[in-house]
Asks: 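Got a structure here, written out as C-alpha cells. Questions coming.
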Amino acid sequence: MADGDMVWQGRICIIDVSYQAQSEGGTVLVAHARAEAGHSVTMLVHGLRPFVVIAAPDDAQNDRLESWLDDVRIDERVVQIHDPEILWCEEGERPHWRVDVTQPHVVPKLRDHLSERWLVTSADIVFPMRLFLDLDLGPHMEVSGSVIHARSRAPLEIASAFEGVDFLEVANSIREAGGSGLYSTDLVIRCGIEDLKDTEPFRAPFVTASFDLETSVVESTILCAAMVIDRAGVQTEYTFQGNEREILAGMTRLIRDEDPDILTGYNIDNFDLPRIDQRAEDLSGKDRGLLLDMFGWGRDPVVGGSMRALPSRSQSRRWSIGGRAVMDAWWEARTALRPQRESLRFVSELLFPDRPELRKMDIDASRMDEEWAQRPDEVLRYCVMDTVLPIEILEAIHAIRGKEALASVARMPFQRAVGGTTSQWIDSLMIRLADREKVAIPRTRSGPRRDQIVGGHVQDVDSGLHPWIAVLDFKSMYPSIMIEKNICFTTRIDAKDAPSEDVYLSPDGTAYLGRSHRSGLVPRLLQQLMEERDRQKIAMKVARNEDDEVTAFFHDRLQFAVKILMNSFYGVFASSFYRFTHQDIGASITAWARSNIRGVITTLEDENQRVVYGDTDSIFISAPVDSDIPTRIPQVGEKDRESFEIARNTTVEFGQSLAKRFTKAGAELEFEAALAAMFSHGAKKRYFGQVVWPEEDLLIRGYEVRRSDSFVILTNCMTSSFERILAGETTQAVEDIRTLIQRVRNRDVAPKNLVISRSCKGKINRKDGSVDFSVYANPDGLPYVKAAKQRLARGLNFTPGMKVGYLVTDATSSPMSVVDWHEDETGEIQTDFDPEYYAKRIATAMGRITEVFGWNEKELLQGSQQSSLDRWM
DNA sequence: ACGACGCCCTAA
DNA sequence: TCAGTTAGGGCGTCGT
C-alpha cells in the first residue's frame with residue numbers, strides 16, 4: 001500500500017504526544033489519540049522543529065554581536081538562525097533570535113553553553129507541547145491524513161484495504177512516514193501541522209483497562225491477575241493464571257490488542273506497576289524482547305530494539321506509559337473524596353452503600369498464598385471484582401470526564417491533565433499567549449526559596465452562639481485582584497521607576513503599570529477564563545432547560561474545570577520557581593486582599609456593627625435582629641414562626657444591602673448566606689452554624705466532623721451535638737455526650753468506630769522493596785508509623801503516602817501503644833482498645849464546645865449530673 | 001505541669 | 001508526586 005493512497009479525516013482527542021527523531025534530520029511528532037468514531041489513531045505529524053531563543057545581554061556591542069551569532073551558527077546542533085524579532089523580556093525590549101536546533105534532546109546542553117553569552121529563553125519547554133502552543137490547539141481537534149496502516153477496528157473501508165498485509169512491510173512504511181514501527185493503535189496516519197484544526201470539545205469514547213494482581217505474601221511473585229476492558233461502557237473481563245511469564249505476557253497481549261487509552265486499578269502507581277516492573281525485569285534476565293513481551297504496555301512498537309513501549313517512572317511517583325494515561329483510582333478517590341480510610345473496601349462502601357455484593361470479604365489478603373492454593377476460583381473472582389471497582393469509582397467521581405474537561409480548558413493532551421501539575425496547566429495557556437504577544441518565555445526558576453510571604457487576614461472570633469449572622473464574601477478574590485490591578489510579571493515595575501499616572505500601587509509597595517502603559521498577560525487570561533466559565537454555565541442551563549442532562553453535565557464539567565484552573569493562578573504566581581512570576585507578585589496580591597477585608601471590617605466596626613468573624617475573603621456580621629427572637633427553626637404554623645420569618649428576612653436584606661454597598665471595581669462582595677446562629681468556641685477556622693438562606697443547611701468548618709483523622713464515634717457525637725445546640729437543646733446535648741463517654745468506658749461501642757487513620761510517609765528501598773521511615777525525626781514516637789510497620793509485618797500492603805488506620809490500645813504509656821486496623825482485610829475480629837483514651841479524646845473535643853455553656857472537659861468525664869444549662873440560652 | 005517541637009489536616 | 005500559597009488548630013512526644 002503506497003503512502004497517500006487513502007485519506008482519513010475525523011475528530012479526535014489527543015491522549016499523549018511524543019516525538020521521533022528522523023535519521024535524515026528533522027523531528028516528527030507522534031500523537032496518540034482516540035477518534036470520535038471509536039477507534040484509536042496514531043498521527044505522525046510533520047512540520048515542527050525544536051528551537052531556543054537568544055538575545056544579547058545589555059553590554060553586548062553590536063560589532064561583537066555578529067561574531068557571536070556566527071559562533072552559534074557554526075554549532076553543529078544548530079540548524080538555522082531566524083531573523084531577529086523584538087521581544088519583551090525582564091531586561092527590556094530587544095532583538096531576539098530564534099535558533100532552530102537539530103533535535104529536542106540537544107537543548108539542555110546547548111542552552112547551558114549559550115547561557116554563557118546570551119539570554120536564553122524558550123529553552124525548557126517539552127517539545128511535544130509545541131504542537132499545542134504554536135498552533136493554538138486543544139486536545140480535541142479535527143485532523144486529516146494519509147493512512148499508513150489500519151487494523152480491524154478502523155473504519156471498515158480502510159481496514160479492509162489492509163487485511164492480510166505483511167507486517168514487516170507495514171512497519172517499514174510507518175518508518176518511512178516518520179514513525180518507529182508498528183504501533184498498537186487501530187489506525188496510523190501521516191499528516192502535516194496544516195492538517196490539524198481546532199474543534200469544539202466533545203465527549204471522546206475513551207477505552208479503559210483496569211487491572212489487579214494477587215501476589216504472594218511470602219515472596220514477590222505474582223499468583224494471578226485480572227483485567228477488565230471498558231469500551232463504550234461495555235465491560236469484558238479477563239483472568240490470567242499459570243506461571244508468571246504467562247500471566248504477564250497475557251496481560252501485555254490484551255493491552256496491545258485492546259489498545260486502551262486509560263490504564264487504571266487500585267493503588268497501581270505504588271503497588272501493581274512497580275511489582276510487574278520488578279518481576280518482568282527479574283524474569284527476563286537481560287533479554288529485552290522478553291521484557292517487552294511481559295511489560296511492553298505503551299503504544300510504541302515492541303519490535304525493532306526500542307524500549308519505549310516499556311512503562312517508566314522517572315524521579316517522580318507517577319508512571320508514564322507511552323501513548324496512554326495512567327489513572328490510579330486510589331489517588332483519584334483520595335483527592336476527590338478525602339475518605340477516612342483509603343482501602344478499596346472502604347471507598348466502595350462510601351460510594352456504593354447499597355451494593356454490599358461489591359465488597360463481600362471472603363479472602364484473607366494476609367494469607368494469599370494459602371487462599372490461592374486452596375480456593376483459586378474464589379481468589380480469581382475477588383481479583384476480577386477489584387478490577388471492576390476502580391472503573392466504577394472513576395465513573396462515580398467523574399474522574400475521567402473531569403480530566404477531559406481540564407485538558408480541554410487548559411488546551412493540552414489528556415495525559416497531561418491527568419499527570420501534570422498546576423503550573424503545567426497554567427504554562428499551557430501562558431506560553432502561547434506570551435508567544436503571541438511577543439514576550440520571551442523565561443526558564444523555570446531555580447535556587448533557594450525566598451522567605452514566606454504574608455497571607456490572608458483571619459479575624460479573631462469570640463466564643464459563643466452568635467445569633468442572626470449575614471455571611472458575605474468577595475467573589476473570586478485573588479483572580480479579581482489580579483485582573484483589577486493588572487498584575488503580571490510584564491507590568492510590575494520598581495516603585496521608583498513608576499510613571500506618575502495610571503499606576504497601581506499595592507499596600508505593600510509593589511507597583512504595576514496601568515493598561516494605558518501595558519496590558520498584562522495574566523489579567524487578560526483570567527478575564528478570558530471568567531468569560532469562558534460564564535459561557536459554559538449558560539450552556540449548562542440551556543441544556544438543563546431542554547432536559548438534556550448529558551449535555552448539561554458536559555458543560556458543568558467544563559465550567560468546573562475553568563474554576564479549578566482560575567483558582568490555581570494565585571498559588572502558582574505566588575510560588576518562587578514559576579517562570580512567569582516575580583518575587584513580589586504573591587505578597588502584593590495578599591496585601592490588597594488584606595486591605596479589602598480589613599477595610600470592610602473597620603468601616604462596619606466604626607458604625608458599631610458587630611463583625612463576628614472573617615477569613616481571607618469572608619465576613620460574618622451580626623444582623624440587626626431583636627435578641628429575643630429564637631434561632632431554632634420553628635415548624636410552619638408554630639407560634640414563633642412569624643417572628644422567625646421576619647428575622648430571616650431582616651438578615652437577608654441586611655446582607656444584600658451590605659453586599660451592594662461594599663462592592664467596588666475588582667472586589668465584588670457577595671451575600672453568601674444567612675445564619676440563624678453561628679457557634680464558635682473561640683478558635684479561628686472552626687465554626688458551625690444553622691444556614692437559613694438560601695437553603696436550610698448545617699454548616700460545619702474545621703471541626704473533627706470535617707477531618708479524616710477523626711473517628712466515627714466522635715464525628716457522629718459532634719454532629720448530633722451541633723444539631724442539638726442549634727436547636728437550643730444544650731442540656732440534652734451534654735447528657736448525650738456524657739452517656740456516650742460512659743458507654744465508651746464500658747466498652748459498649750463497636751471498635752471499628754474508634755479507628756483513627758492518618759497518612760504515613762516513607763521511602764521505598766528500590767532494591768528489596770522495604771520501607772524506610774527515616775523521613776521522620778522520631779518514627780517510633782508516631783502512632784501511625786507504628787501501625788504502618790505492623791501492617792508490613794502482617795504481610796499487608798503499605799505504600800508511602802497511604803493512610804493507616806489504628807486503634808489506641810494503651811495510652812498510659814508514652815509513646816502510646818497502638819494496633820493497626822486490619823479487620824477489613826484479614827477478617828480477624830479486633831476488640832482491643834483503651835477505653836479511657838477514647839473517653840478522654842471525646843471529652844476534650846466536646847469539652848471545648850460545651851465549655852461555652854458551662855460544662856468543661858472534666859465535668860463531661862465525671863459521672864455526676866447537675867443540669868442548669870438553660871440559664872445560658 | 002508546661003513549653004517547644006514535629007506532624008497532620010484543614011480553611012481560605 | 002521537580003514544583004500552587006499562607007494561616008491556623010490540635011494531637012502526641014520529649015525534655016525540663
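The structure presented is a predicted model; accordingly, all values stated were derived computationally and were not measured. Naming: A, B, ... by sequence-line order, numbering from 1 per chain.
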Asks: It should be established whether A:R450 places a side-chain nitrogen or oxygen under 4.0 Å from OP1 or OP2 of nucleotide C:dT5.
Replies: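 So the side-chain polar atoms of A:R450 never come under 4.0 Å of the phosphate oxygens OP1 or OP2 of C:dT5.
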
Asks: Going by atom types only, do A:S774 and A:K763 share a side-chain donor-acceptor pair under 3.5 Å?
Replies: no

Asks: Using a cut-off of 4.0 Å on non-hydrogen atoms, how would the nucleic acid contact of A:G571 be classed: base, sugar-phosphate, or nothing?
Replies: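 Base contact.
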
Asks: C:dC14 phosphate, OP1 or OP2: any side-chain N/O from A:S814 under 4.0 angstrom?
Replies: yes

Asks: Between atom NZ in A:K684 and atom P in B:dA11, what is the gap in whole Å?
Replies: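 Atom-to-atom, A:K684 to B:dA11, this comes out as 16 Å.
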
Asks: Please state whether the phosphate of C:dG10, meaning OP1 or OP2, lies under 4.0 angstrom from any side-chain nitrogen or oxygen of A:R686.
Replies: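 For A:R686, the contact criterion (side-chain N or O under 4.0 Å from OP1 or OP2 of C:dG10) is met.
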
Asks: Within the pair A:R706 and B:dC9, is there a side-chain N or O less than 4.0 Å away from OP1 or OP2?
Replies: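 Result: no.
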
Asks: Is it true that A:S506 and A:Y512 share a donor-acceptor pair across their side chains at a distance under 3.5 Å?
Replies: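 Side chains of A:Y512 and A:S506: no pair found under 3.5 Å.
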
Asks: Between C:dG12, B:dC7, C:dT5, spot the one nearest the side chain of A:Y570, thanks.
Replies: C:dT5

Asks: Is any side-chain N or O of A:Q452 closer than 4.0 Å to OP1 or OP2 of C:dA7?
Replies: yes

Asks: Measuring to OP1 and OP2 of C:dT6, would you say a side-chain N or O of A:T590 lies under 4.0 angstrom away?
Replies: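 No, A:T590 has no side-chain N/O under 4.0 Å of OP1/OP2 on C:dT6.
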
Asks: Should A:T844 be listed as having a side-chain N or O under 4.0 Å from OP1 or OP2 of C:dC11?
Replies: no

Asks: So, is A:N778 close to the C:dC14 phosphate, meaning a side-chain N or O under 4.0 Å from OP1 or OP2?
Replies: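 Affirmative; the distance criterion is met.
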
Asks: When you get a sec, tell me which of C:dG12, C:dC11, C:dA3 is the closest nucleotide to the side chain of A:R848?
Replies: C:dC11

Asks: Looking at C:dG10, I'd like to know if its phosphate oxygens (OP1 or OP2) sit under 4.0 Å from a side-chain N or O belonging to A:H681.
Replies: yes

Asks: Taking 4.0 Å as the cut-off, does a side-chain nitrogen or oxygen of A:T616 come that near to OP1 or OP2 on C:dT6?
Replies: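 So the side-chain polar atoms of A:T616 never come under 4.0 Å of the phosphate oxygens OP1 or OP2 of C:dT6.
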
Asks: Considering just the side-chain nitrogens and oxygens of A:R701, establish if one lies under 4.0 Å of OP1 or OP2 belonging to B:dA12.
Replies: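 It does, given that an N or O in the side chain of A:R701 lies less than 4.0 Å from OP1 or OP2 of B:dA12.
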
Asks: Can you check the distance between C:dT6 and C:dT1, where both ends of the measurement are the P atom (answer in whole Å)?
Replies: 15 Å

Asks: Hey, is the side chain of A:K761 poking within less than 4.0 Å of OP1 or OP2 on B:dC8, counting only N and O atoms?
Replies: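 For B:dC8, OP1 or OP2 has a side-chain N or O of A:K761 closer than 4.0 Å.
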
Asks: Would you please test A:I441 and A:R579 for side chain to side chain contact (heavy atoms under 4.5 Å, CB included) and show each step?
Replies: CA-CA 8 Å; A:I441 315 296; A:R579 63 171 85 237; 3.8 Å; yes

Asks: Is the phosphate of C:dG9 approached by A:Y687 (side-chain N or O, under 4.0 Å from OP1 or OP2)?
Replies: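 Result: no.
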
Asks: If we ignore angles and hydrogens, is there a donor and acceptor under 3.5 Å between the side chains of A:Y266 and A:D272?
Replies: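 Result is no, nothing qualifies.
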
Asks: Considering only C:dG4, B:dC7, B:dA11, which nucleotide approaches the side chain of A:Y784 most closely?
Replies: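 Nearest listed nucleotide: B:dC7.
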
Asks: Mind checking if A:F474 touches a base, just sugar-phosphate, or nothing, with heavy atoms under 4.0 Å?
Replies: nothing

Asks: Which of parallel (below 30°), tilted (30 to 60°) and perpendicular (above 60°) describes A:F580 and A:F489?
Replies: tilted

Asks: Taking ring pair (Phe, Tyr, Trp, His ring centres under 6.0 Å) as the criterion, tell me which of A:Y613, A:F620, A:Y687, A:F688 meets it with A:F679.
Replies: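 Exactly one candidate clears the test, A:F688.
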
Asks: Look at A:K803 and B:dC9 and indicate whether a side-chain polar atom (N or O) is within less than 4.0 Å of OP1 or OP2.
Replies: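 Yes, because at least one side-chain N or O of A:K803 sits under 4.0 Å from OP1 or OP2 of B:dC9.
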
